[in-house]
Amino acid sequence: MDTTFLMNSMWVMIGAVLVILMIGGFILLETGSTRMKNAGHIAGKTILTFGIGSIMFWGVGYGFIFGEGNSLIGLSDFFYSGYEVEGLGLSGPVFFLFQLAFAGISLTIAFGGFAERAKLSAYLIFAVLFSIIVYPPIAHWIWGGGWLAEHGKQDFAGSTVVHLTGAMAAFAATIILKPRIGKYNKDGSANNLAGHNQVFTALSVLILWVGWFGFNAGSTLSVDNAFFGFVTVNTNLAAGAGVIAAMTISWIVLGKADVPMMLNGALAGLVAITASCAFVDTWAAVLIGFIAGILVFFSIRFFEKKRIDDPIAALSVHGTAGIWGTLSTGFFATPELATVGQAGLFYGGGFHQLGVQALGVIVCGAFAFIVSFILLSIMKALMNGLRVTEEEEIIGLDISEHGSYGYPEMVKPKPIIEKKQKTAIQVEPKLNA
């Protein structure tokens, strides 16, 4: 067997593993950014929904994206059976797994808008619908040879396909579910429902940062000329610039270097460079990440003022930064690196590529939001609401949805004496509402 084929397959397999491990990063990110009483629920539903998304991608998602069809949707290759894809240059099953991982990440991002208030059943049903109806059409338009690909839309690893799509679904969910209890006062001012573990969130960012090397560099799909090394450098530089920018702006505005904002800055830099990592020079990668770090700070404050409760900042980190990252290639793509589409505005390409990028943002963002909003509205009507009761939300989703706590130490044993003078144990929860 051809050595290049084997090396390409091995490299993309490593990338797929790194991307799937990012699910662990998202577990820690969402758990650490929310309250202790919901920790077990968040961790468990993330694993469960990734499993659902995997089966849906195998059954129909892959076919809708990469199957033969038309410029709107693929119509073949359903229930992928492990066959090889001619002309791909690497193992077909490896490519399938790599693309499955991306779909799983987009689904996980979407569920950021559900955090701490949605029924488990809402997660399960929307995982199926998102994996069939929302994600595949957008991925087909850009990566599967659809109409945006025909226009030269540049999105190397998914600032639009993965991140903006997930963020707009999260946006629809936050509007329908409404804010968490206690988030806003009657006068409209916001309360800080702080996450319970900044160490978790910091560790999650490191896991995601490393996983992003598989996300972006793995998207080269080959080892030819070791171009994945260049993509990795751009990815790392953008993340570093995002951290510095978010820390600096928070220090200037708030008078303190806000730790959660620094972490969001790193993720915003990573999201932004995802579209352009293979199309721009290294100096541009630094600038793209730095601007993303500033944008995420103001975006988070904007959504909070608009009474949109986004516990893990999915709208800002993946939405706002995803939009900027998509547009950035329209400014900075170089003639030498623009293997898709044309050079950017600053490299003599005029406004053409910027226009294509803007078109992709508007159409894909609107599609993901509108379709998600409709689906969630129908679910709300048929399921007697998507949100748990007020009592269940206050006591926490760990106990109300699963009957156990993610942290057993949340339950304080209290000895009582029964009528027969025998000692028993009464379970008294210590709530962190």
Does atom [atom1] of [X] have more than 12 heavy-atom neighbours, drawn from other residues, nucleotides or ligands, at distances under 6.0 Å?
X	atom1	result
F351	CZ	no
E84	CD	yes
W251	CH2	no

Tell me if the centroids of the rings in H163 and F215 come within less than 6.0 Å of each other. yes

Ring geometry between [Y] and [X] (parallel below 30°, tilted from 30 to 60°, perpendicular above 60°):
X	Y	answer
F369	F171	tilted
F126	F114	tilted
W141	F367	perpendicular
F95	F66	perpendicular
H41	H402	tilted

Partners passing side chain to side chain donor-acceptor pair (under 3.5 Å) against D281 (at least two apart in sequence or in another chain):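 Residues passing side chain to side chain donor-acceptor pair (under 3.5 Å) with D281: Y347.
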
Check ion pair [X]-[Y] (N to O, under 4.0 angstrom):
X	Y	result
E401	K45	no
R387	E393	yes
D309	R180	yes

Check: W212 and L267 side chains under 4.5 Å, non-hydrogen atoms: yes

Evaluate the side-chain proximity of L97 to I20: yes if any heavy-atom separation is below 4.5 Å, no if none is.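 When only atoms from C-beta onward are counted, L97 and I20 do touch, with a gap below 4.5 Å.
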
Show, in sequence, the C-alpha distance, side-chain angles and deciding distance for S71 and E150, and conclude whether the side-chain hydrogen bond (donor to acceptor under 3.5 Å, both in side chains) test is met. CA-CA 8 Å; S71 61; E150 293 171 355; 5.1 Å; no

Take T160 and T326 through the test side-chain hydrogen bond (donor to acceptor under 3.5 Å, both in side chains) and record every step on the way to the result. CA-CA 6 Å; T160 297; T326 302; 2.7 Å; yes

Looking only at non-hydrogen atoms, find the nearest pair between S121 and M383 and report the distance.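 In this case the closest contact between S121 and M383 is OG-CE, 3.2 Å.
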
Least distance between heavy atoms, G158 atom then T274 atom: N-CG2, 3.4 Å

F230: partners by ring pair (Phe, Tyr, Trp, His ring centres under 6.0 Å), with sequence neighbours left out: F227

F102, Y80, F78 screened by ring-ring contact (aromatic ring centres under 6.0 Å, His included) with Y62, the one that passes: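 Considering F102, Y80, F78, a ring-ring contact (aromatic ring centres under 6.0 Å, His included) with Y62 is found only for Y80.
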
